[in-house]
Visitor: 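Structure incoming, see below.
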Amino acid sequence: MKLATWNVNSVRAREARLLAWLAAWQPDVLCLQELKVVEADFPTAAVQALGYHAVVYGQKTYNGVAILSRTPPEDLRRGFGEDDDDPQARLVSARVNGVRVLSAYFPNGGEVGSDKFAYKLAWMEKLRVLLERTASPDEPLALCGDVNVAPDDRDVARPEEWKDTVLCHPAARAALQRIAAWGLDDTFRRHHAEGGFYSWWDYRMLGFPKNNGLRIDHVLATRRLAARSTAVEIDRNERKGKQPSDHVPVVATFAD
DNA sequence: ATGGTTGCTTAGCAA
């Protein structure tokens, strides 16, 4: 199974790239983030024409997440469930091919110390509790998405420049470690011990031309599922050319 | 080599 995640930064602006990428890579599952559209404006017919089902949890202007899959998704869940008080559409999940797949758009956090940063940390704790309450680390589960955290300095091209930002702050890293401690492995790290691989480059300040990137998009998998991963790639080429997203797809392949 | 934000909404925010 080929399982991918991609923050497209507006599915409306990225529709042509999305369709071309699907046709080229043909993943079994693609988790999307930052749709910036309500479900009615998602290009459902276009992805269906390429053979994909779509589970969409949309929102106007900001946020919005989806899961595309070749086989029918089951047990769809939008947001955090019954007592969800999160006004932002950042989490959707479905069972695909027997795997519980979550597409998550973690809050960015704005500035360290801001209300947005507090929301980010609280959101991450809420996700950890959701996993604890609704899933088991012994089942096949993949938490995919824009996590907005670079796990360690290998994931940052210029650690000194980024160390005090919301993407690298010790509190954000610790919150991600607590989620992982529930029972998730960073599948990319299983296959690449070295640094220098990034999934996001700021549009500003020549981020991509200078390769001033961070690895903040991840496929985290429960351990038995992670052990089945045979390769994890970051499609850096997707950042090139006209009108790229600021993020590129991460593609994990699992043995059957 | 790449490009000096981008997208949504329409002045300012979010990333």
Side-chain angles (χ1 to χ4, degrees), chain A residues 5-21 24 31-43 46 56-66 86-92 103-124 127 144-151 155-158 161-169 171-173 175-176 196-218 233-250:
Chain A
T5 183
W6 188 13
N7 177 326
V8 290
N9 185 20
S10 168
V11 75
R12 192 178 288 140
R14 225 64 62 203
E15 181 175 345
R17 275 188 178 254
L18 169 62
L19 298 176
W21 192 87
C31 296
L32 297 169
Q33 300 88 36
E34 271 206 275
L35 305 177
K36 299 188 176 182
V37 295
V38 295
E39 184 170 359
D41 293 327
F42 187 86
V56 179
Y57 185 34
Q59 185 178 334
K60 179 181 159 77
T61 310
Y62 304 118
N63 310 308
V65 287
D86 189 355
Q88 306 190 23
R90 296 181 174 275
L91 182 68
V92 67
S103 179
Y105 175 41
F106 286 33
N108 171 282
E111 300 292 325
V112 172
S114 66
D115 290 349
K116 286 181 188 169
F117 191 56
Y119 168 69
K120 175 182 195 166
L121 298 178
W123 193 96
M124 291 174 75
L127 178 60
C144 311
D146 175 2
V147 164
N148 266 318
V149 179
D155 303 310
V156 187
R158 302 178 183 184
E161 183 176 320
W162 291 90
K163 67 180 168 60
D164 295 323
T165 71
V166 292
L167 304 180
C168 298
H169 192 275
R173 285 179 167 171
L176 182 60
F197 295 96
Y198 313 119
S199 65
W200 172 81
W201 298 260
D202 203 320
Y203 284 129
R204 297 162 292 188
M205 306 299 286
L206 297 173
F208 188 60
K210 293 178 174 172
N211 197 29
N212 187 7
L214 291 86
R215 192 175 69 90
I216 58 176
D217 298 85
H218 304 295
E233 302 165 82
I234 299 180
D235 181 18
R236 190 179 189 282
N237 284 333
E238 184 55 43
R239 188 63 170 78
K240 301 177 181 177
K242 291 188 195 308
Q243 292 187 299
S245 170
D246 44 354
H247 299 252
V248 297
V250 179

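Lettering follows sequence order; numbering is per chain, from 1. Keep in mind that this is a model prediction, so the values were computed, not measured.
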Visitor: Of all heavy-atom pairs between A/E15 and A/A46, which one has the smallest distance, and what is that distance?
Guide: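 Taking A/E15 first and A/A46 second, the nearest heavy atoms are OE2-CB, 3.8 Å.
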Visitor: Please report the distance separating the P of B/dT5 from the corresponding atom of B/dT10, rounded so that it comes out in whole Å.
Guide: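 Nearest-Å result for B/dT5 against B/dT10 at atom P: 24 Å.
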Visitor: How long is the straight-line distance from CD of A/Q88 back to CG of A/N63, given to the nearest 0.5 Å?
Guide: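 Those atoms lie 4.5 Å apart.
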Visitor: Grab the CH2-P distance between A/W200 and B/dA15 for me, whole Å please.
Guide: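 About 12 Å, once rounded to whole Å.
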Visitor: In whole angstrom, what separates A/H247's NE2 from B/dT6's P?
Guide: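 Interatomic distance, NE2 of A/H247 to P of B/dT6: 15 Å.
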Visitor: Does the side chain of A/T61 get closer than 4.0 angstrom to OP1 or OP2 of B/dG7 through an N or O atom?
Guide: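 No, because none of the side-chain N or O atoms of A/T61 sits under 4.0 Å from OP1 or OP2 of B/dG7.
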Visitor: Between A/A66 and A/F42, which heavy-atom pair has the shortest distance, and what is it?
Guide: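 That would be CB-CE1, 4.2 Å.
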Visitor: Give the rounded distance in Å between these two atoms: NZ of A/K60 and C1' of B/dT9.
Guide: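 Taking NZ of A/K60 and C1' of B/dT9, I get 8 Å after rounding.
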Visitor: A/E34 CD to B/dT6 C1': how many Å, rounded?
Guide: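 After rounding, the reported distance stands at 11 Å.
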Visitor: Check whether any side-chain heavy atom of A/V248 sits under 4.5 Å from a side-chain heavy atom of A/W201, and report yes or no.
Guide: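 Side chain of A/V248 against side chain of A/W201, heavy atoms only: contact under 4.5 Å found.
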Visitor: Could you give the CZ-to-P distance, from A/R17 to B/dG7, as a whole number of Å?
Guide: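 Rounding to the nearest Å, CZ of A/R17 and P of B/dG7 are 10 Å apart.
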Visitor: Quickly work out the A/N63 CG to B/dC13 C1' distance and round it to whole Å.
Guide: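 Result: 13 Å.
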Visitor: Roughly how many Å is it from CG in A/D246 to P in B/dA15, rounded to a whole number?
Guide: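 These atoms are roughly 11 Å apart.
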Visitor: Taking the nucleotide of DNA chain B with the closest heavy atom to each, which residue, A/R239 or A/Q88, is nearer the 5' end?
Guide: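 Between the two, 5'-proximity favours A/R239.
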Visitor: Let me spell it out: for each of A/K242 and A/Y62, pick the nucleotide of DNA chain B with the closest heavy atom. Which residue's pick is nearer the 5' end?
Guide: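 Upstream on the strand: A/K242.
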Visitor: Just to be sure I understand the rule, does A/R12 reach a base, reach only the sugar-phosphate, or reach nothing, if contact means heavy atoms closer than 4.0 Å?
Guide: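 Here A/R12 touches the backbone only, sparing every base.
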Visitor: For DNA chain B, which residues in residues 201-213 of chain A have a heavy atom at a distance below 4.0 Å?
Guide: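 The answer is A/Y203, A/R204, A/M205, A/L206, A/F208, A/P209.
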Visitor: Among all residues two or more places apart in sequence or in another chain, which pass the salt bridge (Lys or Arg N to Asp or Glu O under 4.0 Å) test with A/D155?
Guide: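 Salt bridge (Lys or Arg N to Asp or Glu O under 4.0 Å) check on A/D155 returns A/R189, A/R215.
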Visitor: Rounded to the nearest Å, what distance is computed from the NZ atom of residue A/K36 to the C1' atom of nucleotide B/dT10?
Guide: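 After rounding, the reported distance stands at 15 Å.
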Visitor: Go through the side-chain N and O atoms of A/N211 and A/R236 and say whether any donor and acceptor fall under 3.5 Å apart.
Guide: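 On atom types as modelled, these side chains qualify, holding a pair under 3.5 Å.
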Visitor: C1' atom, B/dG4 versus B/dT9: distance in rounded Å?
Guide: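 Here B/dG4 and B/dT9 have their C1' atoms 24 Å from each other.
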Visitor: Kindly point out which of B/dA15, B/dG7, B/dA1 is positioned nearest to the side chain of A/K240?
Guide: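 Within the option list, the nearest is B/dA1.
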Visitor: Quick one: is A/K116 getting a side-chain N or O under 4.0 Å of the B/dA14 phosphate, OP1 or OP2?
Guide: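 Answer is yes, contact under 4.0 Å.
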Visitor: Would you please say whether a donor-acceptor pair under 3.5 Å links the side chains of A/N148 and A/W200?
Guide: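 Looking only at side-chain atoms, A/W200 and A/N148 do not form any donor-acceptor pair under 3.5 Å.
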Visitor: Within the structure shown, what part of the strands sits under 4.0 Å from A/R236 by heavy-atom distance: base, sugar-phosphate, or nothing?
Guide: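 Nothing, no nucleic acid heavy atom in range.
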